[in-house]
Amino acid sequence: MTASSAAPVPSEKGAEVGRRIGVGLMYGLWKPRVLGAWRVPATGPLIYAVNHSHNIDGPMVMGVAPRPTHFLIKKEAFIGPLGTFLTGIGQLKVDRHSTDRTAIGQALGVLADGGVLGIFPEGTRGEGDFASLRAGLAYFAVRGGAPIVPVAVLGSTDRPGRLIKALPPLRSRVDVVFGDPFEAGDGSGRRTRKALDEATERIQKQLTAHLENARRLTGR
């Protein structure tokens, strides 16, 4: 299914509005320390592969990343005014329990337009250690011809806040570490199941190594 036959591709303008809102919120509520942002290519299709251990990880990356980001977000989050807001700032609704062709088409459309796609490759919030990866990241990287930039968010789960237990303490430090971009495929352009499985293995090694390096850099 091509992007043109799916729902409209979210605009980068909306994602840029989301980035500016994220800048205000993240720097206003916490103390982000951003490392390696210079590694992010300034143009062209790109995928941020972000570890996921807390609800603020996505908004944090949106706010501190050098380019506007279109995250694939579970459809359960798109409820009422929040859903309208997320759609307005260029985020993508995805059904994690089926082959969501609309979301796939929109995500490939973002990459075809030279935009940045944000993915939590673990599929759901967990330990945030990249231990369990889904094949979707490899598919988008290979099919969309997009390099992957690993992103480690550290400190969001160190301790609960006093006022709001579900959030990190206000004004606490959260580290966001961007890694070197890499290609998931083997250069052949193959999109067979075997090729995607091999790409997923390569991705997991790269992401795990980046997370270990990020922890050394930040002391977390």
Side-chain angles (χ1 to χ4, degrees), residues 15 18-19 22 32 34-42 44-74 90-92 94 96 100 103-104 106-108 110-111 114-157 174-186 191 195-215 217-218 220:
R19 191 183 74 84
V34 184
L35 302 174
W38 55 269
R39 294 187 172 103
V40 177
L46 189 68
I47 297 174
Y48 293 144
V50 186
N51 68 322
H52 195 22
S53 56
H54 196 285
N55 281 331
I56 74 159
D57 295 341
M60 182 63 69
V61 172
M62 282 181 64
V64 305
R67 294 174 59 184
T69 312
H70 304 269
F71 266 101
L72 281 167
I73 300 173
K74 61 183 181 182
Q91 305 310 293
L92 306 176
V94 61
R96 297 175 298 167
D100 190 335
I104 291 171
Q106 288 183 309
L108 290 174
V110 165
L111 297 175
V116 180
L117 188 64
I119 295 179
F120 300 113
E122 295 157 291
T124 186
R125 195 167 73 250
E127 294 301 316
D129 58 2
F130 292 125
S132 176
L133 261 61
R134 296 192 174 190
L137 175 55
Y139 174 82
F140 287 121
V142 174
R143 174 82 186 274
I148 296 170
V149 168
V151 185
V153 181
L154 303 171
S156 57
T157 57
V174 178
D175 292 323
V176 182
V177 186
F178 292 88
D180 290 314
F182 66 92
E183 300 289 340
D186 58 6
R191 299 201 294 265
L196 292 178
D197 286 345
E198 291 171 353
T200 299
E201 284 185 29
R202 277 191 291 275
I203 291 168
Q204 186 150 25
K205 288 178 182 176
Q206 292 270 15
L207 298 187
T208 301
H210 171 66
L211 187 58
E212 291 173 356
N213 184 53
R215 285 176 171 153
L217 279 173
T218 61
R220 290 190 181 270

- Message: Between Val116 and Val110, does the side chain to side chain contact (heavy atoms under 4.5 Å, CB included) criterion hold? Intermediate values first, please.
- Response: CA-CA 7 Å; Val116 180; Val110 165; 5.9 Å; no
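Partners of Tyr48 under the ring pair (Phe, Tyr, Trp, His ring centres under 6.0 Å) rule, at least two apart in sequence or in another chain, are Phe178. Remark: Asp175 pairs with Arg33, Arg173, Arg220 by the salt bridge (Lys or Arg N to Asp or Glu O under 4.0 Å) rule, at least two apart or across chains. Every residue meeting the salt bridge (Lys or Arg N to Asp or Glu O under 4.0 Å) condition with Glu198, not counting sequence neighbours, appears here in chain and number order: Arg190, Lys194.
Side-chain contact between Leu108 and Arg143 is present, with at least one heavy-atom pair separated by less than 4.5 Å. Val174 has its side chain out of reach of Asp57: every pair of non-hydrogen atoms, C-beta onward, lies at least 4.5 Å apart. Proximity of Ile203 to Pro121: side-chain heavy atoms (C-beta onward) are nowhere separated by under 4.5 Å.
Paired with Leu137 under the rule side chain to side chain contact (heavy atoms under 4.5 Å, CB included), one option of Val142, Ile148, Leu117 passes, and it is Ile148.
Within the 3.5 Å criterion, the main-chain N or O of Ala199 finds no donor-acceptor partner in the side chain of Asp186. Looking only at distances, a side-chain donor or acceptor of His210 sits under 3.5 Å from a matching main-chain atom of Val177. Side chain of Arg202 to main chain of Ala184: a donor-acceptor pair is present (N/O by atom type, distance under 3.5 Å, no hydrogens or angles).
With values rounded to the nearest 0.5 angstrom, Glu212 atom CD is found 6.5 Å from Thr208 atom OG1.
The shortest non-hydrogen separation linking Ala107 to Phe140 is CB-CE2, 3.6 Å. Between Leu111 and Gly144, the closest heavy-atom pair is CD1-CA, 4.0 Å. Annotation for Gln91 and Thr69: closest pair NE2-O, 3.0 Å, computed over non-hydrogen atoms. Looking at every heavy atom in both residues, Pro32 comes nearest to Met60 through CG-SD, 3.8 Å. For the residue pair Val149 and Gly179, the shortest heavy atom distance occurs at CG1-O, 3.5 Å. Across all their heavy atoms, Arg19 and Met62 have their closest contact at CG-O, 3.1 Å.
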